[in-house]
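Data block below; observations after.
Below, chains carry the letters A, B, ... as their sequence lines are ordered, and counting in each starts from 1.
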Number of protein chains: 2
Amino acid sequence: MLWEDVSVLDPSTQRPAVGIRDVAALARVSPTTVSNVLSGNRRVSAATRERVHWAIDQLGYRPNLSARNLRVRRAGLIAVAVPEIGVPYFAELIGHVVQAARERDYTVLIDQTEGRLEAERFVLSGMNPGMVDGILFSPLGIERVEYENRRDSTPLVLLGERISGGGVDHVAIDNVAAAADATRYLIERGGRRIAAIGHQEREGGGTAPQRTRGYRQALDAAGMSYDPGLVVPTSKYHRRDGALAMAALLDRGTRPDAVFCYSDLVALGAIHTLRERGLRVPEDVAVIGIDDIDEGRYSTPTLTTITPDKVAIARTALELLFDRIADGSREPRQIVVPHSLTVRRSA
Amino acid sequence: MLWEDVSVLDPSTQRPAVGIRDVAALARVSPTTVSNVLSGNRRVSAATRERVHWAIDQLGYRPNLSARNLRVRRAGLIAVAVPEIGVPYFAELIGHVVQAARERDYTVLIDQTEGRLEAERFVLSGMNPGMVDGILFSPLGIERVEYENRRDSTPLVLLGERISGGGVDHVAIDNVAAAADATRYLIERGGRRIAAIGHQEREGGGTAPQRTRGYRQALDAAGMSYDPGLVVPTSKYHRRDGALAMAALLDRGTRPDAVFCYSDLVALGAIHTLRERGLRVPEDVAVIGIDDIDEGRYSTPTLTTITPDKVAIARTALELLFDRIADGSREPRQIVVPHSLTVRRSA
DNA sequence: CTGAAAGCGCTTACAG
DNA sequence: CTGAAAGCGCTTACAG
């Protein structure tokens, strides 16, 4: 089928799709010139520019991004891969990423791994070639070696995961310090039997083991002994996991006077169980979380928590990503974003 | 620069990018055949197929989507445009959309309008041509006429917004009925002074006016009079808006015995204020919301709410969208998704 | 300041 | 069962 034979139709509407050639023809210039008017790459005389703009308006022309991307080898798209968008922490973080990306004329594509290993491997392999220019990745199940054996070269920045190997860009809060801060606060306000909910055994030290380490550090520093019976692992960090873990703790006869939860959602779940059992928060049991999601500002009681600077995480991650896109071979950087303690009512 | 002169380099890594031609050369077949092996569009002899697969593995080849998209005029991408990803209702809905889209080999791109008019107009204009195959759009500020004057032909499905004109595909719950159900439930359990929080004046009847209508209907049906002093408008549906509206109501001396909130977030904010003022929920004031976000299962008290079938909304919307992608000129359909009442503790 | 031509990496009639 | 060639809609050296 030749161009001259049949006009190109948009398959979905049967309306003619207008391309750069149509604009060029109408403006009586070459496609080159139209392209230059659009990109601003080359000086174009005012008269010509005006004619081109007129033709563009006339035809309602809008450049085809697939074609441009194919040509310039840039997709204008970055992917954010997280376990679940429905988890408020990720939803809020993605909101900031989308906003920061827009400022750079990038669009954000969402990938939800649900912690599935194949999904995470797909992310590591750069997703579909040519589809995205870079990836922000919050991993869950994948092992550290897999990062190191990564063959794909798509720029990638890890979110919230501290890979001690250091072969990959990443941005995170200092999880050990954050957990220690939370625990120390519970100690300072009188906690003597402090439970920890959210531990996970992971190779190569993921977020959870780091938080457990911080918890132990704070205990040590206060001269308090570490009681493994007070540490409850959870496989995920949903409200449900917090609620069930708290119930399990209580059911086995353990009565902590304070609980350090590895996420706000876990904390909210734990509070739910405590109140159902008739225990008062914080009077009987103080509860602290990590994440500072909006929900904790309005929950009953309002949630004391560790506040990571989510805006900084989003912006820093994008900065690392764009740096890496610009220079694929520069040294990987690991950036630690500040966190703070936000005291509300629950502890 | 000719192909033969210099091998093509991936700009970010300086590693050679492998294309279909490399695979073809290594497998000693034509690119056509490689393409056919990949797509399954044509029968390929077992021996050839094997050689091609071997070559693909050997080179780690993965097809370039921009090129494919350019050729087949399909992006494999749909956009979801919502006011804010950080709002749990949207986050949960998007999670379902992402999942349903994956089953169809589609990827989801996020657009956050924040209710900005230009952002919403950009969505209506189909975003960037060739970038997405279709759009799921949850509008906020845009006027009805703008849909009708829409020039762009990108398939688009409206989410949660009932455009009475009916010129556009959309899927939503029956907002009038949902509000009436909520209000009737409050009446049945003894409410006599029932406030409504979340009203908005909008042209052409958006979600908010419909809910107000349902509220009034239920009042009428019970023979109760409508008191404008009990209806509080809010500009947004965040926790904060609910909290402030509730405070305003109380501050002006109004003491409802029940509150119908136009979203769960508003309800949670209202509860926050009530408890801060020492009022018991539901004993002093019963509160009901709409959305059934996960948060309401664990809040204190747990939240009674109207549950829209979010999975159905996501799947139906995608179905409409794919139908429209397949046939751009079919009659627009307006689909009503079921909702139900979920009774928990707050009312 | 402007244009003709090549090519980004695919797929798909057309031909055998 | 397989291949040569055209073309998707752009951008960018190259040339003037």
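Atom CG in A/Leu70 sits roughly 12 Å away from atom P in D/dT12 (whole-Å rounding). Regarding A/Arg21, its CZ atom lies at a distance of 7 Å from the P atom of D/dC8, rounded to whole Å. In this structure, B/Leu65 atom CG and C/dT11 atom C1' are separated by 13 Å, rounded to whole Å. Straight-line distance from the CG atom of A/Asp22 to the P atom of D/dG9: 9 Å, rounded to whole Å. Atom-to-atom, CG of A/Asn69 to P of C/dC10 comes out at 14 Å; the value is rounded to the nearest Å. Atom pair A/Arg62:CZ and D/dC10:P shows a separation of 12 Å (rounding to whole Å applied). Nucleotide D/dC8 holds its C1' atom 16 Å from the CZ atom of A/Arg68, rounded to whole Å.
A/Arg116 is linked by a side-chain hydrogen bond (donor to acceptor under 3.5 Å, both in side chains) to A/Glu114, counting only residues two or more places apart in sequence or in another chain. Considering only residues two or more places apart in sequence or on other chains, B/Phe90 meets the ring-ring contact (aromatic ring centres under 6.0 Å, His included) condition with none of them. Legend: residues meeting side-chain hydrogen bond (donor to acceptor under 3.5 Å, both in side chains) with B/Glu103, ordered by chain and number and at least two apart, are B/Arg315. Scanning for side-chain hydrogen bond (donor to acceptor under 3.5 Å, both in side chains) contacts around A/Arg121 gives A/Glu146, with sequence neighbours left out. With sequence neighbours left out, B/Arg330 forms a side-chain hydrogen bond (donor to acceptor under 3.5 Å, both in side chains) with B/Asp169. Under the side-chain contact (heavy atoms from CB on, under 4.5 Å) criterion, A/Ala91 pairs with B/Ile85, B/Ala91, sequence neighbours left out. Contacts of A/Glu120 classified as side-chain contact (heavy atoms from CB on, under 4.5 Å), with partners at least two apart in sequence or in another chain: A/Thr113, A/Phe137, A/Pro139, A/Leu140, A/Ile142.
The shortest distance between side-chain heavy atoms of B/Leu93 and B/Leu159 falls below 4.5 Å.
The pair B/Arg333-B/Asp323 counts as a salt bridge, with a side-chain nitrogen and a carboxylate oxygen less than 4.0 angstrom apart.
Checking D/dC10, C/dT11, D/dT12 against the side-chain heavy atoms of B/Arg71 singles out C/dT11 as nearest.
Contacts between residues 44-56 of chain B and DNA chain D, defined by a heavy-atom separation under 4.0 Å, are made by B/Val44, B/Ser45, B/Thr48. Only A/Thr32, A/Ser35, A/Asn41, A/Arg42, listed by number, bring a heavy atom of residues 23-42 of chain A to less than 4.0 angstrom from any atom of DNA chain D.
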Could you give the side-chain donor-acceptor pairs of residues 63-71 of chain A under 3.5 Å, partners two or more places apart or in another chain?
from    : atom 1 : to       : atom 2 : distance (Å)
A/Asn64 : OD1    : A/Ser66  : N      : 2.8
A/Asn64 : OD1    : A/Ala67  : N      : 3.0
A/Ser66 : OG     : B/Gly130 : O      : 3.3
A/Asn69 : ND2    : A/Leu65  : O      : 3.1
A/Asn69 : ND2    : A/Ala75  : O      : 3.3

For residues 40-48 of chain B, run the donor-acceptor check on the side chains, cut-off 3.5 Å, and write out each pair with its distance to 0.1 Å, sequence neighbours left out.
from    : atom 1 : to      : atom 2 : distance (Å)
B/Asn41 : ND2    : B/Ser39 : OG     : 3.3
B/Arg42 : NE     : B/Asn36 : OD1    : 3.2
B/Arg42 : NH2    : B/Asn36 : OD1    : 3.2
B/Ser45 : OG     : B/Thr48 : N      : 3.3
B/Ser45 : OG     : B/Thr48 : OG1    : 2.7

Pair pattern of DNA chain C in dot-bracket, where unpaired bases get dots and | marks partners in another strand, Watson-Crick or G-U under 3.5 angstrom = |||.||||||||.|||
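In terms of phosphate contacts, B/Arg73 brings no side-chain nitrogen or oxygen within less than 4.0 Å of OP1 or OP2 of D/dC8.
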